[in-house]
Amino acid sequence: MTRIFLFGTLLDPDLRRIVLGRAAAGQAARLADHAVERAEDGDGPILVARPGQAAEGVLVTLSPEAAARAAFYAAGCGHAADRVAVQSGAATVAATLYRAAATTGDGAGGRDWALAGWQAAAGPLARRTAEAAMAMFQRVPPGEIGFRMPMIRARADARLRAERDLTPADLRSPMGRDTVEVLGHRQPYCHYFAVGETRLRHPLFGGGHSDIVERAGLQMTDAVTVLPYDPVRDRVLMVEQFRYGPWLRGDPRPWVLEPIAGRIDPGEAAEATARREALEEAQVEIGTLHRIGSYYPSPGGVSEYIESFVGIADLPDRAEGLGGLASENEDIRAHVVPFDRARDLLASGEVDTAPLLLSILWLESARNRSALA
């Protein structure tokens, strides 16, 4: 059996149950000369050395499997094991704890962190992320889970968005997700994308249920596109880059034209993503954002959900150039063209990506209605 001192987010009983695979109440314990504070780079807690203070936590005694689960989750969070002496009641007990590398008072923490506030603001995403991560326990080496965790978290955020932002059902059927009977589900691949394979039955419009069918699809994150438009010069900015999808299809020209696009980071508003990506990909500042709509580009087998905008921007000749983040292996060229030229590219078929095609058509209608400013 292994004694582990839990603090911070793992004081949430639901998260602790997901990680350990069972409920574990434990005993109240304290780590002397430390405090739990909010990390500078987010809303999560960090254990910081603070002489004279004490970090409150829980001391749990775990089976080998539960201890291995705790170590696996810690690896996903980038936390390393340390041996400490904690006070539990009148006894001083040796225990293991997992914490981030920054544990001194030099530039780390400094802000109060409260479990209740975290549970309300970040708890749902943390629990959903942990569920997906712990499903990989004993399937993925602990050394790999940390690499996969950012995308696991982004897909978990997309799932929460889907549950929260319900779309209307005035014309379509009001049948819900809970009417689908799942007979088996597995995830044979999980890296940048995840692949889901499900055996299911669903209700039929005419009554009854379908035969058992097997479906497979790509589970992706939510994303944003923004087409910068300069109403004074009547110009748009589109970007060009190599895309693996057209290459995989066998397209002789896998460099394609698109609006600026990017993944919505967990907890980030779509509008903030649009402005961030415009700066990263084309060094363009976006003013007013006009929402085009939200949609599934290929609902037959892809979970990606896109929110598209046209963004008002200043687009002089010098707005053209190269951009993208080297850290993400982006090689992006920006083109600034008159709107009529963009419409010609659409008519010729050179514009063959759905978000750009949709954005140009929406912008054409808005221009005709003088609905942009």
Side-chain angles (χ1 to χ4, degrees), residues 1-119 121-123 126-127 129-130 133-134 136-138 140-147 149:
M1 305 295 279
T2 303
R3 287 193 180 96
I4 298 182
F5 177 70
L6 304 177
F7 65 94
T9 61
L10 286 175
L11 296 184
D12 177 73
D14 292 330
L15 180 61
R16 188 160 68 242
R17 175 184 51 77
I18 293 167
V19 171
L20 301 181
R22 63 174 180 84
Q27 299 174 322
R30 311 174 77 200
L31 177 63
D33 296 323
H34 286 78
V36 178
E37 299 176 356
R38 182 179 297 184
E40 288 185 339
D41 58 353
D43 57 5
I46 188 170
L47 192 63
V48 180
R50 297 293 187 204
Q53 299 187 37
E56 303 288 341
V58 170
L59 184 67
V60 293
T61 302
L62 302 180
S63 67
E65 180 178 350
R69 290 176 66 92
F72 182 81
Y73 181 72
C77 297
H79 294 175
D82 196 3
R83 292 290 291 175
V84 294
V86 298
Q87 193 74 22
S88 180
T92 300
V93 182
T96 298
L97 66 75
Y98 293 97
R99 58 181 169 186
T103 57
T104 70
D106 300 330
R111 297 178 295 166
D112 290 339
W113 183 87
L115 177 63
W118 176 89
Q119 287 172 316
R127 297 182 201 106
T129 301
M134 295 313 299
M136 300 179 190
F137 176 63
Q138 295 183 328
V140 172
E144 290 185 16
I145 189 63
F147 171 78
M149 191 64 91

Heavy-atom closest contact ([X] atom, [Y] atom, distance):
{"X": "Ala29", "Y": "Ser88", "result": "CB-CB, 4.3 Å"}
{"X": "Pro45", "Y": "Thr9", "result": "CD-CG2, 3.5 Å"}
{"X": "Ile4", "Y": "Ala70", "result": "CD1-CB, 4.0 Å"}
{"X": "Gln119", "Y": "Pro13", "result": "NE2-CD, 4.3 Å"}
{"X": "Ala81", "Y": "Thr96", "result": "CB-CG2, 4.1 Å"}
{"X": "Ile145", "Y": "Pro142", "result": "CG2-O, 3.2 Å"}

- Item | Qualifying salt bridge (Lys or Arg N to Asp or Glu O under 4.0 Å) pairs with a residue from residues 74-93, counting only residues at least two apart or across chains | Asp82-Arg99
- Query: More than 12 heavy atoms of other residues, nucleotides or ligands under 6.0 Å from CZ of Arg69: is that the case?
  - Reply: yes
With [X] via side chain to side chain donor-acceptor pair (under 3.5 Å) - residues at least two apart:
{"X": "Glu65", "value": "none"}
{"X": "Arg127", "value": "Asp12"}
{"X": "Gln87", "value": "Thr92"}

- Item | Member of Leu31, Val58, Leu47 meeting the side chain to side chain contact (heavy atoms under 4.5 Å, CB included) criterion with Phe7 |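 That would be Leu47.
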- Spacing of CD belonging to Glu37 relative to CZ belonging to Arg50, to within rounding of 0.5 Å: 4.0 Å
- Query: Are the side chain of Arg22 and the backbone N or O of Arg17 linked by a donor-acceptor pair below 3.5 Å?
  - Reply: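 Not confirmed, Arg22 side chain does not pair with Arg17 backbone.
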- Item | Donor-acceptor contact present, side-chain Arg38 to main-chain Trp113, <3.5 Å |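 It does not hold such a pair.
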- Kindly state each residue pair satisfying ring pair (Phe, Tyr, Trp, His ring centres under 6.0 Å) with at least one member in residues 51-74, sequence neighbours excluded. Phe72-Phe137
- Are side-chain heavy atoms of Leu97 and His79 found at a separation under 4.5 Å?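 No, every pair of side-chain atoms sits at 4.5 Å or beyond.
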- Message: Suppose the criterion is side-chain hydrogen bond (donor to acceptor under 3.5 Å, both in side chains): which pairs have a residue in residues 52-63, not counting sequence neighbours?
- Response: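 Listed by first then second residue: Arg30-Glu56.
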